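The structure displayed is predicted, hence computed values, not measured ones. Positions are given from 1 along the sequence.
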Amino acid sequence: MFSLIKNMTIRKRIVFIFLTLSTFLILLFISVFAYFEIGNAQDTYKQLSRQTANGLAFMPALEEAVSSSDHDELQGIIDRVRLQAENPVVTVVTRDGEYIIHPDENHIGITEETEQFDQTLLYGSYVTESGEGALGPAIMTTAPIYEEVDANGGERIIGAVTVEYLEESINAIIVSKLTRLVVVASIGMILCVGGALFLARSIQEDTLGREPAVIAEMFREREAMLNAVKEGIIVIDDKQAISLINPSAEALLSSTMNLQQSIQLLGLPETLFSGKPSYDEEKVYQGKTFITNRIPLYENKQIVGAICSFRDKTDMKQLQETVMQIEGYADSLRAQTHEFKNKMYVLLGLIQLEQYEEALKVIQEETADKRQAFPMLKNIKDPGAQAILLGKIAKAAEKKISLVIEEASHLDKTKIAATDMAIMLGNLLDNAMDAVLESEEQRITVMVTDVGSDIVIDIEDTGQGMTKEQTGQIFTRGYSSKGENRGYGLFHVYETVKKYCGEMEVTSPADGGTVFSIYLPKGEVVKK
């Protein structure tokens, strides 16, 4: 039954439940009403029969009519009383048990042996009972009729009168009442079904015609999507109360500030009141720069809220720099490939012209530049680090910078992602190249080793060096001595090192230059 109801549409489900409950309640009410109505009717007609019988028995006119055997007078008295007492069946017998009034004229003048009148005629008892009456089962009361025999108040029983209410008539009255009740209940049931249909239609309008199971599935999908989205999402209603906030938004916003203050800083009230969307707008919040997108929410052409999606600019900047690093490596490799092809064409031409000495000289000159770097790259077996160093060697050569890899360098394949390796090595090498551009000796020395329990990366340049104040601030987000919209590279390097539970140091010797050192555990410990 439960599975059957669950598979119904919302309209059928509501109608079925309302119809079932209303039917059950109506049947229960009718049964209880019938039970009490039958009991009340029995009591009512017993009391009515008793009162009518007593009233007739004490009527002097009835006593005289029985004494004188005046049948017509007796019948007239009884007819008048019947009209006032819901038309009961009345019988009258004499002291000897002879019927003088009976609904069936064939019984008049007949004496029947029955126990119905025994207690009344012999002892003067008033008897009220349910039993077989003159015309069938009935509720009846038998009362004695007395005649005064002397002036001292002496009386004697001269007959008995019986007032009967047929059970058939009583049941007909009860059925009539129940019929009216059933009609009213049926109207009520129709109204219940109509109300159920109206309620179902109203619910479907509120749910855009979707069934509860579909809504539940959509809700689960929405929760999963909101939890999976890296961007922060906040929704407010028309009263500026937060109606939705995903975990990313809670993580991006500092817990030290009230969320209501946060939505003010993100500009949601502005969008709510103006109704104008805003895209890629920067908002500064507690030292963080967010890229925000805001749009108003409409219902029936009325603004009912606003939604804001935002992301830390640092993450976007990091992604941008990573892409730029990869693009730089690709450009360097393409340049090397192009240069190598040109040199191969030169060698091919010299050999075809049989200028073997010139060809040998070109080969010697080409290998001289790479004699120091490329053998060392053989010891760098990590693909990410090897590709980055190879690209930076080519870039340094273009800028006439000497990039030397120490002979003791060695690095096996690591668990570090290539993009993270690009952030760490690439940014440090780019900064080193910028530092030595204006120096007399343009030299960068790289030392990479995994001997021991840590991976150690040292990058030393021959630039001007840094002051103590600069070394204390270079890892701060947005800090740069190169101008605005800079200062994210070293911050990203520092964050990536922390991601792998590592440490980073920077020193600037007195004789000039700067040394950046990175220490990364060899284990797979990565902070999420």
Side-chain angles (χ1 to χ4, degrees), residues 30-63 65-66 69-146 157-182:
I30 291 175
S31 301
V32 173
F33 177 82
Y35 174 79
F36 286 106
E37 185 63 26
I38 291 172
N40 291 335
Q42 295 282 340
D43 295 338
T44 299
Y45 282 98
K46 282 181 180 180
Q47 185 177 1
L48 185 59
S49 67
R50 190 180 300 115
Q51 292 174 350
T52 305
N54 290 341
L56 285 170
F58 284 102
M59 290 179 66
L62 184 71
E63 176 190 340
V66 173
S69 298
D70 188 348
H71 183 272
D72 292 336
E73 178 65 19
L74 188 60
Q75 187 66 51
I77 295 171
I78 291 173
D79 288 342
R80 288 193 295 274
V81 172
R82 289 179 64 202
L83 290 175
Q84 299 175 357
E86 297 188 17
N87 200 26
V89 176
V90 179
T91 59
V92 180
V93 295
T94 63
R95 180 75 177 77
D96 299 327
E98 178 185 340
Y99 282 110
I100 56 176
I101 294 295
H102 196 284
D104 187 356
E105 294 183 356
N106 294 327
H107 284 73
I108 297 176
I110 298 176
T111 301
E112 293 185 357
E113 294 183 1
T114 176
E115 298 179 355
Q116 178 181 352
F117 303 105
D118 289 348
Q119 293 185 24
T120 303
L121 294 174
L122 291 175
Y123 306 109
S125 302
Y126 292 84
V127 179
T128 300
E129 61 183 353
S130 297
E132 189 68 25
L135 298 179
I139 295 174
M140 65 188 88
T141 297
T142 303
I145 302 173
Y146 289 93
I157 297 174
I158 61 173
V161 59
T162 302
V163 177
E164 304 176 4
Y165 288 95
L166 296 175
E167 290 187 0
E168 181 180 355
S169 299
I170 297 173
N171 291 337
I173 294 172
I174 295 174
V175 170
S176 176
K177 291 183 178 180
L178 291 177
T179 301
R180 291 195 295 270
L181 181 62
V182 169

(message) In the structure I gave you, are the side-chain heavy atoms of I139 and Q42 within less than 4.5 Å of one another anywhere?
(response) yes
(message) Testing the basics here: between A65 and E73, what is the closest heavy-atom pair and its distance to 0.1 Å?
(response) CB-CG, 4.1 Å
(message) For a side chain to side chain contact (heavy atoms under 4.5 Å, CB included) check, start with the C-alpha distance between H71 and I101, then their side-chain angles and the critical distance, and finish with the verdict.
(response) CA-CA 8 Å; H71 183 272; I101 294 295; 3.6 Å; yes
(message) Test your reading of the model: is there a side-chain donor-acceptor pair from S176 to the backbone of A172, 3.5 Å cut-off?
(response) no
(message) Please enumerate all residues that pass side-chain hydrogen bond (donor to acceptor under 3.5 Å, both in side chains) together with Y165, with sequence neighbours excluded.
(response) none
(request) List in chain and number order the residues that pass side-chain contact (heavy atoms from CB on, under 4.5 Å) with S169, two or more places apart in sequence or in another chain; answer none if no residue qualifies. (result) L166
Under 3.5 Å donor-acceptor pairs involving side-chain atoms of residues 51-61, not counting sequence neighbours:
residue, atom, partner, partner atom, Å
T52, OG1, L48, O, 2.7
N54, ND2, R50, O, 3.3

(message) Assess the residue pair D79 and Q75 against the criterion (side-chain hydrogen bond (donor to acceptor under 3.5 Å, both in side chains)); give the C-alpha distance rounded to whole Å, side-chain angles, the decisive distance to 0.1 Å, and a yes or no.
(response) CA-CA 6 Å; D79 288 342; Q75 187 66 51; 3.0 Å; yes
(message) If you compare all heavy atoms of K46 against all heavy atoms of S130, which two are closest, and at what distance to 0.1 Å?
(response) CE-OG, 3.9 Å
(message) Tell me if a side-chain donor or acceptor on D104 pairs with a main-chain N or O of N106 at a distance below 3.5 Å.
(response) yes
(request) Hey, could you give me each pair passing salt bridge (charged side-chain N to carboxylate O under 4.0 Å, His left out) that has a residue in residues 169-181? Not counting sequence neighbours. (result) E37-K177
(message) For the CD1 atom of I38 and the CD1 atom of I174, what is their distance to the nearest 0.5 Å?
(response) 5.0 Å
(request) Check I157 against L121 and note the closest heavy-atom contact, atom names and distance. (result) CD1-O, 3.6 Å
(message) Counting C-beta onward and ignoring hydrogens, is there a side-chain heavy-atom pair between V92 and Y99 closer than 4.5 Å?
(response) no
(message) Tell me every residue that passes ring pair (Phe, Tyr, Trp, His ring centres under 6.0 Å) with H107, counting only those two or more places apart in sequence or in another chain.
(response) H102
(message) For the OG1 atom of T111 and the CG atom of D96, what is their distance to the nearest 0.5 Å?
(response) 6.5 Å
(message) Holding to side-chain hydrogen bond (donor to acceptor under 3.5 Å, both in side chains), I want the full list of residues that pass it with R82, two or more places apart in sequence or in another chain.
(response) N87
(request) With the side chain counted from C-beta on, respond yes when M140 and P88 share a heavy-atom pair under 4.5 Å apart, and no when they do not. (result) no
(message) Applying the side-chain hydrogen bond (donor to acceptor under 3.5 Å, both in side chains) criterion to S49, which one of T141, T142, T44 satisfies it?
(response) T141
(request) Tell me, yes or no, whether the heavy-atom count around Q119 atom CD, taken from other residues, nucleotides or ligands under 6.0 Å, exceeds 12. (result) no
(message) As an exercise, state the distance from CZ of R95 to CD1 of I158, rounded to the nearest 0.5 Å.
(response) 10.5 Å
(request) Run the numbers on T120 and Y126 for side chain to side chain contact (heavy atoms under 4.5 Å, CB included), then give the verdict. (result) CA-CA 6 Å; T120 303; Y126 292 84; over 6 Å; no
(request) Give a yes or no on this: more than 12 heavy atoms of other residues, nucleotides or ligands lie within 6.0 Å of atom CD of E129. (result) yes
